[in-house]
Structure formats: structure tokens, C-alpha cells
Amino acid sequence: IEYMELLSVYRRGMKIVGIVEQDISHEVLKAFLEECNAEGGVLWIKRGESFITSEVKGGLDPNRYQVYLGDEELKKGKSIISQDRKILISPLIIDETLEGTVLLFTQKRRFSEKEMKIANILAKFSAIGLRNWRKISEYMDKTLRTDFKMYTPIFFSEYIEKEINKARRYKREFSLIYLTISNYAAIKKNFSESVINENFERTLKLIAGSIRSADVFSKLSDNEFLLLLPETDYIGSWMTRLRIENLLRGKLHIVEGKK
């Protein structure tokens, strides 16, 4: 029976590795939660020298549990269980590189040694999957993005189709923000193309610098832009829009005596 159960875990791990067209964070944490019978969990992904929160389930506060990320035992590549056995942490390591860390939480029961073994198995597959997705993302950044962190329209149309499918399948939310330069005709009439490009660059860099790495910023036309916000409801998109408006408010560029 245990052999068959572990075989099922290996198959689930192979499924994670096989996902190459989308961010696998959701599938990774979901697999850990279900296979280890956890009530909540957090997935952190390593970016540079720091961790970013990629996925949260069960209403946990990621900041409360970040203290565990510095545990020396995690550097050895093995899962650990807290003294009260209500927290299980798995480092996602491949080729001595830490790709992320999963923390699982349970209130009603305690984690067993078998569940720690399951977590170790999933961690190996998850590390491979996260590394593959990171490399794909880096490739897309180099080949499918225009200036100022903006994706090409072709990539954007493909990405939003996948986001729609993910929303339908997993009941996940996402938002779109439409940005337009309403007085573009007047700007084009009064200024040269080089001046317009120079000042647009400043504005677009401000917007690109204010959004999350997971957000997708794309140019539709010379004066139209779309911002896709994964895992964001109406309130979240409204706050993002206000942040962008406040960021741009009062940012006037003086060129040849004209604003």
C-alpha cells in the first residue's frame, strides 16, 4: 500500500515537471498540501539573494513564518518538522541551488515521518519544475519583451489566453487595466518623434517600475497599453490604478518651453 501511495506521489511530481507553459507555483503548493494533508501553506521562490512570496493557501501570513527560512538544516536539502510537528518545511534544491521553499501548516493534527518523506520527493520534482520555469521566464524576458519591461502584443495575447483558462479551471482571479494617452494627437502635432519617444520612455519606466514582476505590461498601439494583473481582484486592480495615477500626477516634462 505504501509503495502504491509513493508511486502516486512520484507521478504527481512528474506532472509538475511536465508543466512548461505557465507558472507552476499553484500546482507545486497544491501538491504539497494535498499529499501531506496540510491545512495551509506558503511557497517562497528565491530571486537573487532574497525570497519572494509566490503562493499562499489557508490564510497564512507569510511574514510570520519567514524566520524559518534561515534554518541551517534546510541548506542540507532535507525537509524539517517543527518541535510540535505542526509545521513542515521543504527546501526546493537542485544542483545545490535553492529554487524555493515550501512551508506547510496543520492545526488539527501532527505531521508524520511518512509525510516528511513525501515532502522530500515532491521537493525534488518541484525544484526541477521551478528551475525550468525560471529559465523559460528569463528567456521570455530577453526575447519577448520590448523596452521598459513591456511584452510584445503577440506574447500578451497568448499569455492572457492561458490566464483565462487558468481562471476557469482553478477559479482564480485576474484583472486588466487599460491605459491610454488621451491627448496623443495633440502631442504628435506639437512635438518631434524623438522628443515624444524620450518623454514616453520616462513615463513608461515609471509605470514599469511600480508593478510586480508577475504583472504583464504590453503595448497595444502608440498610445494604448494593457496591464494584466494575475491573482488580483477588483479592489487590487483599483489600488494599482490609483498608485499609477498618483505616480504620474504632476510629472510634467518641459520641452522647448512647452509642457
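Classification of E27 and R12 as a salt-bridged pair fails, no side-chain N sitting under 4.0 Å from a carboxylate O.
Here the side chain of T97 pairs no donor or acceptor atom with the backbone of I93 at under 3.5 angstrom. The backbone N or O of R212 sits less than 3.5 Å from a side-chain atom of D215, completing a donor-acceptor pair. Side chain of D233 to main chain of G236: a donor-acceptor pair is present (N/O by atom type, distance under 3.5 Å, no hydrogens or angles). N37 places no side-chain N or O within 3.5 Å of a backbone atom of L33 that could act as its donor or acceptor partner. Between the side chain of K219 and the backbone N or O of F225 there is no donor-acceptor pair closer than 3.5 Å. The main-chain N or O of T180 is never found under 3.5 Å from a side-chain atom of N223 such that the two would form a donor-acceptor pair. Between the side chain of E198 and the backbone N or O of V195 there is no donor-acceptor pair closer than 3.5 Å. Under a 3.5 Å cut-off, the side chain of S54 and the backbone N or O of L43 do not form any donor-acceptor pair. Using a distance-only test at 3.5 Å, with no hydrogens or angles considered, no donor-acceptor pair links the side chain of E224 to the main chain of L179.
The minimum heavy-atom distance linking A123 with F32 is given by the pair N-CZ, 3.6 Å. Contact between T232 and S237 at its shortest, heavy atoms only, is CG2-N, 3.4 Å. P230 approaches E163 most closely through the heavy-atom pair CB-OE2, 3.6 Å.
Put simply, CD on E231 and OG on S175 are 10.5 Å apart, with the number rounded to the nearest 0.5 Å. For the atom pair L88 CG and R110 CZ, the distance stands at 14.0 Å (nearest 0.5 Å). Within the model, atoms CG of L130 and CD1 of I94 stand 10.0 Å from one another, a figure rounded to the nearest 0.5 Å. Note that the CG atom of D61 and the OH atom of Y65 stand 8.0 Å from one another [nearest 0.5 Å]. One distance of note links CG of L122 with CD1 of I16; it measures 6.0 Å at 0.5 Å rounding. In this structure, L228 CG and F174 CZ are separated by 6.0 Å, a value rounded to the nearest 0.5 Å.
At most 12 heavy atoms of other shown residues, nucleotides or ligands fall within 6.0 angstrom of atom CD in E96. A 6.0 Å sphere centred on OH of Y234 holds no more than 12 heavy atoms belonging to other residues, nucleotides or ligands. A 6.0 Å sphere centred on CZ of R243 holds more than 12 heavy atoms belonging to other residues, nucleotides or ligands. For K86, the NZ atom counts as densely surrounded, since its 6.0 Å shell holds more than 12 non-hydrogen atoms of other residues, nucleotides or ligands.
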message = Run the salt bridge (charged side-chain N to carboxylate O under 4.0 Å, His left out) test on R85 and E113 for me, step by step, so that the C-alpha distance in whole Å, both residues' side-chain angles and the decisive distance to 0.1 Å come before the verdict.
response = CA-CA 10 Å; R85 307 192 73 84; E113 292 298 322; 3.0 Å; yes

task = Please test E193 against N197 for side-chain contact (heavy atoms from CB on, under 4.5 Å), starting from the C-alpha separation and ending with a verdict.
result = CA-CA 6 Å; E193 183 177 350; N197 290 339; 3.6 Å; yes

request  = Give the C-alpha distance, both sets of side-chain angles, the deciding distance and a yes or no for side-chain contact (heavy atoms from CB on, under 4.5 Å) between V17 and I24.
outcome  = CA-CA 9 Å; V17 174; I24 66 169; over 6 Å; no

message = Apply side-chain contact (heavy atoms from CB on, under 4.5 Å) to residues V42 and T53 and explain how you reach the verdict.
response = CA-CA 7 Å; V42 182; T53 303; 4.1 Å; yes

task = Could you give me the CA-CA distance, side-chain angles and deciding distance for E201 and K205, then say whether salt bridge (charged side-chain N to carboxylate O under 4.0 Å, His left out) is met?
result = CA-CA 6 Å; E201 176 180 344; K205 280 185 176 180; 3.0 Å; yes

key: Residues K114, E35; criterion salt bridge (charged side-chain N to carboxylate O under 4.0 Å, His left out); working and verdict   = CA-CA 10 Å; K114 177 184 175 182; E35 298 296 338; over 6 Å; no

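At a threshold of 4.5 Å between non-hydrogen side-chain atoms, the residues L92 and T101 do not count as touching. Between F111 and M116, the closest side-chain pair of non-hydrogen atoms is not below 4.5 Å. Between R202 and L206 there is no side-chain heavy-atom pair separated by less than 4.5 Å. Looking only at side-chain heavy atoms (C-beta outward), L104 and I87 stay at 4.5 Å or farther from each other. Between I52 and W44, every side-chain heavy-atom pair lies at or beyond the 4.5 Å cut-off. In this structure the side chain of L98 reaches within 4.5 angstrom of the side chain of P91, judged on heavy atoms.
In this structure, L247 is a member of the same hydrophobic cluster as L227, with clusters built from ILVMFWY side-chain heavy atoms closer than 4.5 Å. V216 is connected to Y178 through a chain of hydrophobic side-chain contacts under 4.5 Å among Ile, Leu, Val, Met, Phe, Trp and Tyr, so both are in one cluster. F217 and M239 are not part of a single hydrophobic cluster, where members link through side-chain heavy atoms under 4.5 Å apart. L229 and W238 are not part of a single hydrophobic cluster, where members link through side-chain heavy atoms under 4.5 Å apart.
No hydrogens or angles considered: nothing links the side chains of R131 and S126 as a donor-acceptor pair under 3.5 Å.
Classification of the Y184-F200 ring pair by plane angle, with boundaries at 30° and 60°, yields tilted.
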